[in-house]
Amino acid sequence: MPPTPCSLCQTARALVKRPKTGQQVCKSCFFEVFETEVHNTIIEGNGLFKRGEKVAIGASGGKDSTVLAHVLSTLNQRYDYGLDLYLLSIDEGITGYRDDSLETVKQNQVEYGLPLKILSYDDLYGWTMDKIVSQVGRKNNCTFCGVFRRQALDRGAAQLGVDHIVTGHNADDIAETVLMNIMRGDIARLGRCTAVTTEGEDTIKRSKPFKYAYEKEIVMYAYFKKLTYFSTECIYSPDAYRGHARVFLKDLESIRPSAIIDIIHSGESFVLQEGVQRGMKAMQTCKRCGYISSNDLCKACALLQGLEAGLDRSALRQTQDSTTLAPDGQRTIPKYDRHATAFELSTPPKIELHATEGIERAVKAIAL
Amino acid sequence: MSCGNEPDVAPDGGQSGGEALMPRRRQVRRVDRAICQKCKTAKSKYIMHSATFCPACFESTLNVRFLRTLFPALRPPHSKVKDLSRPPLQKGNALIGLSGGAGSVAMLDLLMRFGLIGRGTGARADLTKGEKEVVWDWATVVHVRFEEDVEKETELQRVVEGWGLQWMLLKAEDVFDSGLRQRLGGTQDDGPELGVDLHYHDLPLTELSSSSSLTPREKLLSLLTALPPASRPAMLQSILDHLLTFTAATLPNISHLLLGETATRQAQRVISGTALGRGWALPLDLAAKRSTSGDVVQLKPMRDIGSKETAILCRLRELASWNERRWFLGPEGKEKGKGGSGTRSIEGLTERFIAGLSVSHPSTVSTINRTGDKLVFPGETGSIASCPLCESPLEPSALDWKSRTALTSLSASTVTVPKNRKGDGKGLGLANMLCYACLTTLSRSPIAKHSPSLLGQGSVPLPLWVSAHVGRGTIEQYLIGQDEDEE
């Protein structure tokens, strides 16, 4: 049987069946369409980036963020976006998982020559995920991790003085979130989960350039490009409810591969009743740490208070309408000031080197 | 109380200041789940939303929910009448869709038991004698056959005629039968018959010869066989929707189309509609009240009652129902798919998923429906073009969106529509006229085998309503306006 020709260039031998379109394509055409689709997402509408913008790539060492760092560096050069790219990693303190994946991030830092900043839960909250899990158990620990990570990313970005964070959320993640928000009636999140960029008054802009990229294609890209990434799943159990949505999505995909992108299209088309939008709580700042919150206390402060009080899973039910001061002897999260680090960046290079771990090594790599 | 100071206790035994006692433990109301929580006397038999009910209270609760959904939709706008008072006599008759499922069977039973539909004699109730006025003078009950089931159809016909209503049997293949309109009493002609070639992205249209010897059934099978298995249920749903709305619009003096879609089906529609890319028009599909063609209002009075509840209601009233929905109609022996639950349809998978999730999360159906109720249609109905296949308002730039997010040609580094059709390109493409979901329904995998059509060409026949819609649109493009003519 003769080899199947690539359905795009019609000359080279097809090596990949694209999950998204079902086309059989060669390696170089696959790279081209994959990167072009990401570029289309970036330039759509008014565009994700502004020229000269400082952009932090949320890097976990996993496939999504590794491919994102690679593709964004490539496109930045190819299309001259004029971006100042950084790697930003959060160390959740999961022994045997995050410590290993951070080694991959450090390797990526050298490969792409990007400055890296690592911020740990331990430094920020005084807790590691290992400690949290030992106190609250394996059930629902993802809620702690998710809330703490979101805030840690913003704080890390503020320390780097960047204007924009990009994350490796892919099409599968977004479709899964759409389904999950419908199933649990989370209207507020349903309204915003398909947005390519989210930005509040006092939060750092976040974007998802892989919004339309299938997880399978990201894996294929990393494989064919021989990128170094860390592929182990988190050792703590995944969110059970999200697990239902994930299994359902995979079943949908096996019946119709376009289901993932079709769900995203539906999610983008949803318009919520005005009354529902008006009923949502207005954003304010947390009275304890200054981070953006829809209650007196942000979720992270409430969770931390619960942990500090020695609560188990019931820490999740800690009220957010609390007093400003934390009970005596309890640790609190440092004050969040989004613009504080602009000054740090303008300070002499010595401090900057101290703030961005590994930058020296990256510079050496470029010099070599 | 073994340590610390003795508290001051008031003479009445209450706490009167001083050092506070440990807060009294909140009394938890113990519910005897063996008795009905509504009448508090009879033995309970059913659990509904965590409450137990005896059969009589169960029925009365469902009755109230049925009337509370139906009656407000039949009152004039801005009416301040209470929910359960009877609405006025409607200007036309009702058309009731009866699939044989528990939802539609229970709906028909409720409509007749409450005396909402008359016998078509025009007799008015004597209100002075406590008689209640009917809401519709008469009704026709329509059943659409996808697969022949003589036992079911005979039983349904017996029930319908037993209530003194008109029975009408339609077949899915009637959408290819040019005689249907005449049978229903209509006069307008459907126009030329068109076919579509599904092998090309732009879905080129061709005019089929009128001398084609295929029967309507063969044409239906030809279309379904050419579609990917996952797309067949969506096509069948469009056929069902069209037959019901077309019948309602064509039969004389019909004002309302009543469908027995339950809360469970509604939740399935939210999820499967989302997975099919129907997010744009989904709020219209979910609406409890919707105006369709010919000024007919479509109502779903069972949308607040779950499928299990309707099944229990049918059992209580000894009504026969057929609850297995067969989505597949195509080559025999290929129903099993490679999906996790062995189904080849998104709709079937969604049904099983919701049923499974409802076991561990009983509020799944109501939560999904609440989410669906909060969605609003972003366009304006009536004023914009509609999709020729599903007849829903057409969303802007569906094809552009698809080609931008999933490139299928190298030249498409910016937004272009792939055209890999060999030929002169003179044909008219259906792809540009379709909504996103229908475009996905008619899209085949690029590596799917070119199956020979029963017509002996690459094209497969389109239902007559699609041909009529496309024909009208195409002709309108080439018509010279009066002003232009005068110039």
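Worth saying up front: this structure is predicted, and the values here are computed from it rather than measured. The sequence lines fix the lettering, A, B, ..., with proteins before strands; numbering per chain opens at 1.
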note = Heaviest contributor of heavy-atom pairs below 4.5 Å to chain B, chosen from A:Lys250, A:Glu268, A:Arg18, is A:Glu268
inquiry  = At a 4.5 Å cut-off on heavy atoms, which part of B:Arg370 comes close to chain A: side chain, backbone, both, or neither?
reply    = neither
task = Output the distance between atom CG (A:Asp262) and atom OG1 (B:Thr440), rounded to the nearest 0.5 Å.
result = 4.5 Å
key: A:Leu179 side chain reached by B:Ile271 side chain, heavy atoms, under 4.5 Å   = yes
inquiry  = Looking at every non-hydrogen atom in both residues, tell me the closest pair between B:Pro378 and A:Ser269 and how far apart they are.
reply    = CG-O, 4.0 Å
note = Okay, B:Ile354 and chain A: the region with an atom under 4.5 Å from a heavy atom over there is neither
key: Side chain, backbone, both or neither of B:Asn369 within contact of chain A (heavy atoms, under 4.5 Å)   = neither
inquiry  = A side-chain contact here means heavy atoms from C-beta on lying under 4.5 Å apart; do A:Val271 and B:Leu375 qualify?
reply    = no
note = The interface call for A:Val178 against chain B, heavy-atom contacts under 4.5 Å, is side chain
task = Determine whether more than 12 heavy atoms belonging to other residues, nucleotides or ligands lie under 6.0 Å from atom NZ of A:Lys50.
result = no
task = Please flag which part of A:Glu253 lies under 4.5 Å from any non-hydrogen atom of chain B: side chain, backbone, both or neither.
result = neither
query = Less than 4.5 Å apart, any side-chain heavy atom of A:Met183 and any of B:Thr367?
reply = no
task = Check whether any side-chain N or O of A:Gln23 sits under 3.5 Å from a backbone N or O of B:Ser409 as a donor-acceptor pair, and report yes or no.
result = no
task = Could you look at A:Glu44 and say if it's the side chain, the backbone, both or neither that has a heavy atom under 4.5 Å from chain B?
result = side chain
query = Going through the distances and angles, do B:Ile346 and A:Leu252 end up as a side chain to side chain contact (heavy atoms under 4.5 Å, CB included)?
reply = CA-CA 6 Å; B:Ile346 287 174; A:Leu252 284 175; 3.7 Å; yes
query = Can you tell if the side chain of A:Ile187 reaches within under 4.5 Å of the side chain of B:Thr371, non-hydrogen atoms only?
reply = yes
key: Exceeds 12 heavy-atom contacts within 6.0 angstrom, atom NZ of A:Lys225   = yes
query = Which heavy atom in A:Glu37 sits nearest to a heavy atom in B:Arg404, and how many Å separate them?
reply = CG-O, 4.4 Å
message = To check you understand the geometry: which heavy-atom pair defines the closest contact between B:Leu407 and A:Thr21, and what is its length?
response = O-CG2, 3.8 Å
query = Under 3.5 Å, is there a donor-acceptor pair between the side chain of A:Arg256 and the main chain of B:Ala275?
reply = no
query = Are any non-hydrogen side-chain atoms of B:Phe353 and A:Val247 less than 4.5 angstrom apart?
reply = no
ask   = Between A:Ser266 and B:Gly273, what is the shortest heavy-atom contact and its length?
value = OG-O, 3.8 Å
key: Leading residue by heavy atom contact count with chain B [cutoff under 4.5 Å; candidates A:Ile182, A:Leu249, A:Val33, A:Ile264]   = A:Ile182
Interchain contact, A:Leu190 with chain B, by part (heavy-atom threshold 4.5 Å) = side chain
task = Let me know if B:Ser366 has heavy atoms under 4.5 Å from chain A in its side chain, its backbone, both or neither.
result = neither
query = Does any heavy atom of chain A fall under 4.5 Å from the side chain of B:Leu357, the backbone, both, or neither of them?
reply = side chain
note = Closest non-hydrogen atoms of A:Phe270 and B:Gly279, given as atom of the first, atom of the second and distance, are CE2-CA, 3.7 Å
ask   = Hey, what's the ring geometry for A:His265 with B:Tyr436, parallel, tilted or perpendicular (30° and 60° as the breaks)?
value = parallel
query = Counting N and O atoms only, with roles assigned by atom type, does the side chain of A:Lys20 sit under 3.5 Å from a partner on the main chain of B:Thr405, one being a donor and the other an acceptor?
reply = yes
ask   = With a 4.5 angstrom heavy-atom cut-off, which part of B:Ser363 approaches chain A: side chain, backbone, both or neither?
value = neither
